[in-house]
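All chains are named by letter (A, B, ...) in the order of the sequence lines, taking the proteins before the strands, and each is independently numbered beginning at 1.
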Amino acid sequence: MAETKQGQKARSGGGGEGGDAPGRGAASKIEKKGADLKAEMDSLVEEIDAVLEENAEEFVKNYVQRGGE
Amino acid sequence: MQKRIYGIETEYGIIFTPEGRKTLPVEKAIRFLFERLITTEHFLNVFLENGARFYQDTGCHPEYATPECAAPGQLIVYDRAGERILEDLQAYAEEKIREERIPGKLSIFKNNTDFVGNSYGCHENYLVDRDVDFYYLAEQLIPFLVTRQIYTGAGKVFQTQDGVRYCVSQRAQHIYQKISGTTTNDRSIINTRDEPHADREKYRRLHVIVGDSNMSEYTNFVKVGTCAIVLQMIEDNYISKDFTLRNPVKAIKDLTFDTTCKRRLRLDNGREYSPIEIQREYCELAWKYMEQYPVSEDLKKAVGMWQHVLDCLDDDPSKLDHQIDWVIKRRMIESYIEAKGTTWSDPRVFMLDLQYHDIRRSRGLFYLLERAGAAERLFTDEEIDYAKNEPPPDTRAKMRGEFIKLAREHSIQYDLDWSNIRLGNLLNVRVICNNPLESDTEKVAELVRTIQKTNLRKTSLSKLVIQS
C-alpha cells in the first residue's frame, strides 16, 4: 500500500525535524503521517493476529453453509 | 411517500467447530440460541421486546428481522441491535455447549457466502405506494441496484481458476434473474414477493434481495438512504432515465470483479456507461429533486454521503477505507499481507475475510477496526444498546413491543405476527393493526387491563376483536 511504503521510507530516512526551510515542513508532515499510519497498521496487525483463528486453512475449508432464502 | 416503513432481514452464517470427536449439529446449536428467549409463541420463531422477529430460516440460519422502522438511520440502529442480541444469545449457547461437554467453538457471521458457493441473504424491505406501476419501478430500479454495489458491497476474497481475486460484492455472484418470485433458487435483482403487512390497497412491499449484509454503519446507511430517495423519486414520477441495461444479470456479476468501478456497461440503446456515471446521474437527479420536493433529514444526509462516495470512487476508491465495507476490508487484508510478507493466496487471507464478519466484539475483525478508529461510526453504543430492548417509538412495533412486556409481566398467553396480536388462553382475543405507522400503545394497555379484570383463565371471553 502506498501509505505504508511511504511510512517505511520515512522511518529509514531517520529522525530530525524538517526545520524551517520553506516547503520542507509540509513534506515532513506527510512523511510523519505516513509513519503514523504505518505504526497504526502494525499495531492493528498485531491485534488481528491475537484473535485470528489459528487453523485458518481448516476453518475456511469446513465453513460450509446451506443456502438461505 | 413522505413516511415510509423500512425493514432489514439478516440471515447469519453459523458453524460449530469441534475440538475432538464429539460434534454438535447446527440444528442443536440454533436451539441453544433460542432457549433463553421466554415466549409463549412457537419455538424457533419469536418476536422480541424491541418489536423485531428472530427465527430459524431455510437452511438452518438464525435470522433477525428488524422491527418496522420509520427512517433509514433508525433502521441501521435496529439492524446493529440484532448483532448485539445475537451476541448475547451466543454467549448463552456457548455455556450450554460447555455443560454438554462438547469441546469446540461456535461462530456466527454476518456475511452472505461460504467458500463452496452457498449464499444466504440480507433482504431490505421498503413500503412503496401501490399506485406506482411495477414495470416502471423495475425499469428504473434495476440499473440503480446493479451499479450501487460499488459502494454497498461488503467485499469478498474469491478463489477463481486464475487465482485469488478480490471482489466488491458477496452476493452478486449468486444472482441469476432480473425479476422473479423466489428467494432460494434463481435469485433475482427485483423480487416480486409482495407481503406489505399493511393495507394492500395502499401499499406494496418492495423486497430487495441483491444487497450484501453490511458491517459498516456508514455503508449500511448509504445503502438504505440512497434506495429510499430513488424510490421516492420513482413514486413522484420524477425519474425518466433510460439506463436499461442490455444484460443486467451479467452486468452485476462483471461489476463485482472490477475494483476500479470504471468498467463500462452496455445499455439497451447501445451506449456505454461506467457504474460511477450511472450512479452520478441518479445522484444529480436527487439533488434537483430535493430543491422541489420535501425530503426527510435522513435522506438529505444520505444524498450528501452518496455524492462524497461517488467523488471518492471516481478519484481513488482507497479514499473510502474508513467508510465503505469492501474498501475497509481490502485495506485490512493488504496491510496484513504486507506486514507478514505473504500473498493473497495465504489461507489466513480467507480467514481475515470471514472473520471480518464475526459478530462477537471480542473476535470480530470489523469491530476491532472500528474500535481502533479505522471505521467511521454514525451511531453510539448507547443508541444500539437501547434498541436491543426498546421498540421504535413511531411505528406499529411500539405496540407489539409494549404488549410483549405487559404480557410477560402478567403471564398472559399470546401469539403474534406482524399485524396481529392474539392473546388469552384460547388466543381468542385479537388486536389487528394493519397500519404500520400507528403507534398507539394505549389500546394495548387497555386490552391487557380488560383481560386481567375478566380473569381469562377462568372465564372464556367471547371473541373480542379490536380493529386498530
Side-chain angles (χ1 to χ4, degrees), chain A, chain B residues 9 11-15 17 26 57-61 63 105 107 109 112-121 123 157 174 182-185 187 209 316 318 321 331-332 334-340 346-355 358 360 362-365 368-369 371-374:
Chain A
M1 270 172 86
E3 56 259 48
T4 42
K5 272 188 198 129
Q6 208 170 42
Q8 270 171 340
K9 220 195 279 171
R11 195 171 274 180
S12 58
E17 285 294 304
D20 295 319
R24 284 197 66 191
S28 80
K29 223 180 226 172
I30 291 167
E31 284 184 6
K32 188 165 182 297
K33 204 180 163 210
D36 285 351
L37 272 173
K38 166 84 173 130
E40 186 190 307
M41 277 330 288
D42 280 352
S43 93
L44 261 181
V45 167
E46 257 173 53
E47 277 188 65
I48 289 170
D49 257 342
V51 295
L52 193 68
E53 193 61 49
E54 278 169 19
N55 300 317
E57 192 162 8
E58 195 69 4
F59 195 99
V60 169
K61 204 176 74 199
N62 290 328
Y63 185 65
V64 177
Q65 298 289 301
R66 279 175 246 169
E69 276 243 324
Chain B
E9 301 154 55
E11 293 172 10
Y12 289 88
I14 180 168
I15 188 163
T17 314
V26 72
D57 190 44
T58 321
C60 261
H61 297 280
E63 177 160 347
K105 268 180 285 185
S107 305
F109 300 101
N112 307 102
T113 49
D114 63 11
F115 291 94
V116 296
N118 294 310
S119 179
Y120 34 99
H123 302 170
V157 180
H174 301 274
T182 68
T183 49
T184 37
N185 303 308
R187 294 188 188 94
I209 66 167
D316 174 9
S318 301
D321 64 7
R331 177 165 188 239
M332 171 187 79
E334 282 173 344
S335 305
Y336 192 88
I337 286 174
E338 180 159 328
K340 296 284 167 185
D346 189 326
R348 286 177 295 180
V349 166
F350 289 84
M351 196 63 225
L352 288 168
D353 176 2
L354 185 57
Q355 212 169 319
D358 193 314
R360 283 168 298 184
S362 56
R363 297 186 74 87
L365 300 183
L368 191 152
L369 296 172
R371 279 195 301 276

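Ranked by heavy-atom pairs under 4.5 Å with chain B, the list A:Val45, A:Asn62, A:Val60 is led by A:Val60.
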Between A:Glu57 and B:Arg348, is a salt bridge (charged side-chain N to carboxylate O under 4.0 Å, His left out) present by the stated rule, with each step listed?
-> CA-CA 7 Å; A:Glu57 192 162 8; B:Arg348 286 177 295 180; over 6 Å; no
Check the pair B:Phe115 / A:Lys61 against side chain to side chain contact (heavy atoms under 4.5 Å, CB included), numbers first and verdict last.
-> CA-CA 7 Å; B:Phe115 291 94; A:Lys61 204 176 74 199; over 6 Å; no
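Looking only at distances, a side-chain donor or acceptor of B:Gln355 sits under 3.5 Å from a matching main-chain atom of A:Val51. At distances below 3.5 Å, at least one donor-acceptor pair connects side-chain atoms of A:Gln65 with backbone N or O atoms of B:Ile14.
Between A:Glu47 and B:Arg371 there is no salt bridge, since none of the side-chain N atoms of the basic residue sits less than 4.0 Å from a carboxylate O of the acidic one.
Atom-to-atom distance recorded for B:Ser335:OG and A:Asp42:CG is 9.0 Å, nearest 0.5 angstrom. Atom CG of A:Asn55 and atom OG1 of B:Thr17 lie 9.0 Å apart (nearest 0.5 Å).
Nearest heavy-atom pair, A:Arg66 versus B:His61, reported as atom, atom and distance to 0.1 Å: O-NE2, 2.5 Å. The two atoms that bring B:Val116 and A:Val64 nearest to each other are CG2-CG1, 3.8 Å, heavy atoms only. Listed here is the closest heavy atom pair of B:Pro347 and A:Ala56: O-CB, 3.9 Å.
Within the 4.5 angstrom heavy-atom criterion, no atom of B:Ile337 approaches chain A. Heavy atoms of A:Tyr63 lying under 4.5 Å from chain B belong to its backbone as well as its side chain. Neither the backbone nor the side chain of B:Val349 comes within contact range of chain A; no heavy atoms are under 4.5 Å apart. For B:Ser362, the part sitting under 4.5 Å from any heavy atom of chain A is the backbone (N, CA, C, O) and nothing else.
Residues B:Met332 and A:Leu44 are not in side-chain contact: their nearest non-hydrogen atoms beyond the backbone lie 4.5 Å or more apart. Within the 4.5 Å cutoff, side-chain heavy atoms of A:Leu52 are placed close to those of B:Tyr336.
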